[in-house]
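Presented below is the structure to which this report refers.
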Amino acid sequence: MIKTGVLNFDVKKIRDDFPILREKVYGKPLVYLDNGATTQKPKIVIEKLEEIYGKKNSSIHRGIHFLSEQMTEAYEEARDTVRKFINAESTTEIVFTHGTTSAINAVTFSFGEKYIRENDEILISEMEHHSNIVPWQMLCERKNATLKVIPFNDNGELDMDAYRKLLSEKTKIVSVTYASNSLGTLNPVKEIIRIAHERSVPVLIDGAQIVQHGEVDVKDINCDFFVFSGHKIFGPTGIGVLYGKEEVLEELPPYQGGGDMVDCVTFDKTTYNELPYKFEAGTTHYTGAIGLATALDYVGSVGIENIIAYEKELLDYTASKLRAIDGLTLYGNAENKICVFSFLMDNIHPYDAGMILDKLGIAVRTGTHCTQPVMDHYDISGTIRASMVFYNTFEEADMLVHGLERIKKMFEK
Ligand code: PLP
């Protein structure tokens, strides 16, 4: 165990904010290392949802009564909290969705409908989550367009020369992840966007795996779209965000019709609401949006600079411990990484290792992590993935390593 040198960061105190981290599984303390899939919720978020449903619930935007007005105000404040969190210019640029997946699908339908034509090209990367592959493939099928793929090297870093070559007159949009959920790679998104913009190609950034680990500034990176999920940043599930530059969203058609997204409806013609409401059809997940804002405020109170510094120490410590295990191969050794470890152990099926770790109270994920092309790159069927956030500890890293050593011994017999 090493002592963290990070100032202003008391991980024990932080863990007290997360009730589930006190739970036991099979009588053993829970070691939760599946944060890439979803993160746990601080008390303050759980209490906020209880408060809403217990005292304040009412449908937003349509009521003139006290509860509805109060809830509408809280919902719009949540939008402003999101705006500040990602440093967007205006709340008109913040659309609430059900998550990353639904935000990407929204862009593929809306942007795709307006701008994608036969023989156009859409550029993604080899390390994308299925959510940032399949909606684009479906769009290509609808429009007879072509999906092009930026490869990565064996360290898990994007091949930027290949990227430059793949961009062409035909490229209509680039869509890449900020951080890989299976390799941990932090991509040079600012550079990726700069290069695309030289050719006037817009860029969507999948932020599902960055918001909980690092600072996001959509103005600084200058992306056209940015998407993320609430449940991966200590907020409720079923809520997410689609950020789009105002001038970009303004030109796009709505992709779903229904209540709230309209201005005037007649059987002859319907006109649409202004931004961002034209993209929010039906009753939105307003409780989720408010819960998400509470989670973002919580992250702000921990301090993103503390999170980055602490996780860097945790990353270096855990990586060095894992590398010391004989017969363990780490996949994803990029220079810039988030605290995600994908690995295999010689002659041990990842599923077996995951099952045994589970019995030790250690929750990891096994399989392809919804990134089958990443597994194909290495010609493997899946990995064991331990994904950590700021409430994980050096002791938990030791427990993982100890568990893996035990498994190794079991399979040596
Ligand atoms: N993109 C990345 C990089 C992810 O890691 C995930 C989820 O693991 C998603 C997209 C999809 O997120 P959601 O299922 O919350 O829509």
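Atoms considered below: every heavy atom in the structure, side chains included; atoms not considered: hydrogens, waters and symmetry mates. Both ligands and their constituent atoms are indexed starting at 1 by order of listing. Residue numbers start at 1 and run along the sequence shown.
At least one side-chain heavy atom of Leu292 sits less than 4.5 Å from a side-chain heavy atom of Val241.
In this structure, Arg142 forms a cation-pi arrangement with Phe109, its terminal cationic atom sitting closer than 6.0 Å to the ring centre and no more than 45° off the ring axis.
The aromatic rings of Phe152 and His377 lie parallel to each other, with less than 30° between the two planes, well short of the 60° mark.
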Between ligand 1 and the protein, which N/O pairs fall short of 3.5 Å?
from	atom 1	to	atom 2	distance (Å)
ligand 1	1 (N)	Asp206	OD1	3.4
ligand 1	1 (N)	Asp206	OD2	2.5
ligand 1	5 (O)	Gln209	NE2	2.7
ligand 1	8 (O)	His129	NE2	3.4
ligand 1	8 (O)	Lys232	NZ	2.6
ligand 1	15 (O)	Ser229	OG	2.7
ligand 1	15 (O)	His231	NE2	2.7
ligand 1	16 (O)	Thr100	N	3.4
ligand 1	16 (O)	Thr101	N	2.8
ligand 1	16 (O)	Thr101	OG1	2.5

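Legend: residues meeting ring-ring contact (aromatic ring centres under 6.0 Å, His included) with Phe279, ordered by chain and number and at least two apart, are absent. Partners of His129 according to the ring-ring contact (aromatic ring centres under 6.0 Å, His included) rule, which considers only residues two or more places apart in sequence or in another chain, do not exist here. For Tyr298, the ring-ring contact (aromatic ring centres under 6.0 Å, His included) partners are Phe18, not counting sequence neighbours.
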